[in-house]
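Just so it is clear, the structure is predicted and the values come from calculations on it, not from any experiment. Side chains are part of it too, since the values below use all heavy atoms of this structure and drop only hydrogens, waters and symmetry mates.
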Amino acid sequence: MDLSPLFLSAKLALATTLLIPIAAAPAAYLLAFCRFRGKSLVDAVVSLPMVLPPTVLGFGLLVAMGPRGPLGGLWEDATGQRLVFSFTGILIASLVYNLPFAVQPMRAAFEKLDIRLLENAAVLGVSPLATFFRVVLPNSLPGLAAAAVLVFAHSLGEFGVILMVGGSIPGTTKVASIAIYEAVEALRYDDALWMSAALVPVSFLALVAINCINRRRP
């Protein structure tokens, strides 16, 4: 059995988990603490990948990241490389797809913070950015950990979005979910079974970790 799709899935999930806080944490902070016109609209845009059919989201990303798309065109001008059907392309797709799965737990953790901590930081003259890193994040670690576990497990099972943006290039974009689908299509049920069985304990442990984190939340 070719194990490269499993390693590629793990690499994609790990990269997604490490990078997604860059976009998710500010978005969660904005939605948790800030009041502004159009907040419901921003909330809906952030959550949209969670309710869109993966093929619809994948098609939209394929158009945006294609050679004639705004993102794909800029990337090709800067690097000379195609963004679609590359690992970078499926990583960007994974980040977009998983954004609401990171924002929602983070936002819930931020909203549970004692507001007096933020008020005291403001009274002491601490800047909003310093307050975010020195007060908000350290006091929201359980929520951040839950978001990380959820995103990692969710990334392992991505199929529709990855297939639309990355196709099935062995060693580059052929992740485990696509390999399982192709094995079933080719009637190689043993390969599909073993590859699926390898993902089950990872998903189970992710659920156990999330449950443990939730029980320890104040």
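Considering CD of Glu119 and OG1 of Thr131, their distance stands at 12.0 Å, rounded to 0.5 Å. The structure places CG of Leu19 at 5.5 Å from CG of Leu91, a figure rounded to the nearest 0.5 Å. Between the CE atom of Met65 and the CD1 atom of Ile90 there is a distance of 9.5 Å, given to the nearest 0.5 Å. A distance of 6.5 Å separates CE of Met164 from CZ of Phe59, quoted to the nearest 0.5 Å. One finds the CG atom of Leu129 at 10.5 Å from the CZ atom of Arg134 (value rounded to the nearest 0.5 Å). A distance of 11.5 Å separates CD1 in Ile178 from CE in Met195, rounded to the nearest 0.5 Å.
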(request) Give the intermediate values and the outcome of side-chain contact (heavy atoms from CB on, under 4.5 Å) for residues Val136 and Leu118. (result) CA-CA 8 Å; Val136 176; Leu118 305 182; 3.7 Å; yes

(request) In sequence, state the C-alpha distance, the side-chain angles, and the governing distance for Leu12 and Phe87, and then conclude on side-chain contact (heavy atoms from CB on, under 4.5 Å). (result) CA-CA 8 Å; Leu12 178 65; Phe87 180 79; 4.1 Å; yes

(request) With side-chain contact (heavy atoms from CB on, under 4.5 Å) as the test, would you mind laying out the steps for Leu6 and Leu3 before giving the verdict? (result) CA-CA 5 Å; Leu6 288 173; Leu3 296 178; 3.9 Å; yes

(request) Mind running side-chain contact (heavy atoms from CB on, under 4.5 Å) on Leu31 and Glu111 for me, showing each step along the way? (result) CA-CA 9 Å; Leu31 293 172; Glu111 288 176 339; over 6 Å; no

(request) Show your working on side-chain hydrogen bond (donor to acceptor under 3.5 Å, both in side chains) between Ser177 and Glu158 and close with a plain yes or no. (result) CA-CA 7 Å; Ser177 58; Glu158 291 176 22; over 6 Å; no

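Of all heavy-atom pairs spanning Ala183 and Asp191, the tightest one is CB-CB, 4.2 Å. The minimum heavy-atom distance linking Thr17 with Ala148 is given by the pair CG2-O, 3.6 Å. The two atoms that bring Ala13 and Leu156 nearest to each other are CB-CD2, 3.9 Å, heavy atoms only.
No chain of hydrophobic side-chain contacts below 4.5 Å, direct or via other Ile, Leu, Val, Met, Phe, Trp or Tyr residues, connects Phe85 to Leu163. Transitive grouping of hydrophobic side chains (ILVMFWY, heavy atoms separated by less than 4.5 Å) keeps Val161 and Phe159 in distinct clusters. When hydrophobic clusters are built by joining Ile, Leu, Val, Met, Phe, Trp and Tyr residues whose side-chain heavy atoms come closer than 4.5 Å, directly or via intermediates, Leu117 is grouped together with Leu144. Taken together through direct or relayed side-chain contacts under 4.5 Å among Ile, Leu, Val, Met, Phe, Trp and Tyr, Leu141 and Val135 form part of one hydrophobic cluster. Under the 4.5 Å side-chain heavy-atom criterion for grouping Ile, Leu, Val, Met, Phe, Trp and Tyr, Val165 is not connected to Val151 through any hydrophobic cluster.
Side chains of Leu150 and Pro105 form a contact here, defined as non-hydrogen atoms less than 4.5 Å apart. Contact of the Ser155 side chain with the Asn98 side chain is registered, since non-hydrogen atoms from C-beta on lie closer than 4.5 Å. Thr88 has its side chain within reach of Leu83: a pair of non-hydrogen atoms, C-beta onward, lies under 4.5 Å apart. No side-chain heavy atom of Ile162 sits under 4.5 Å from any side-chain heavy atom of Tyr97. Inter-residue side-chain proximity for Val45 and Val42 is flagged as unmet; no heavy-atom pair is nearer than 4.5 Å. Residues Leu199 and Ile180 meet the side-chain proximity criterion, which asks for heavy atoms closer than 4.5 Å. Between Leu8 and Ser4 there is no side-chain heavy-atom pair separated by less than 4.5 Å. Between Trp75 and Arg82, every side-chain heavy-atom pair lies at or beyond the 4.5 Å cut-off.
Counting heavy atoms of neighbouring residues, nucleotides and ligands inside a 6.0 Å radius, atom CZ of Phe33 exceeds 12 of them. The environment of NZ in Lys39 is crowded: more than 12 heavy-atom neighbours from other residues, nucleotides or ligands sit within 6.0 Å.
Using a 30° and 60° split on the angle between ring planes, Phe110 and Tyr29 fall in the perpendicular class, above 60°.
By the side-chain hydrogen bond (donor to acceptor under 3.5 Å, both in side chains) test, Ser168 is found to be paired with Glu182, residues two or more places apart in sequence or in another chain being considered.
Thr173 places a side-chain N or O within 3.5 Å of a backbone atom of Gly166 that can act as its donor or acceptor partner. With hydrogens and angles ignored, the 3.5 Å screen pairs a side-chain donor or acceptor of Ser9 with a backbone N or O of Ala176. Distance alone, capped at 3.5 Å, places no donor-acceptor pair between the Ser140 side chain and the Gly143 backbone.
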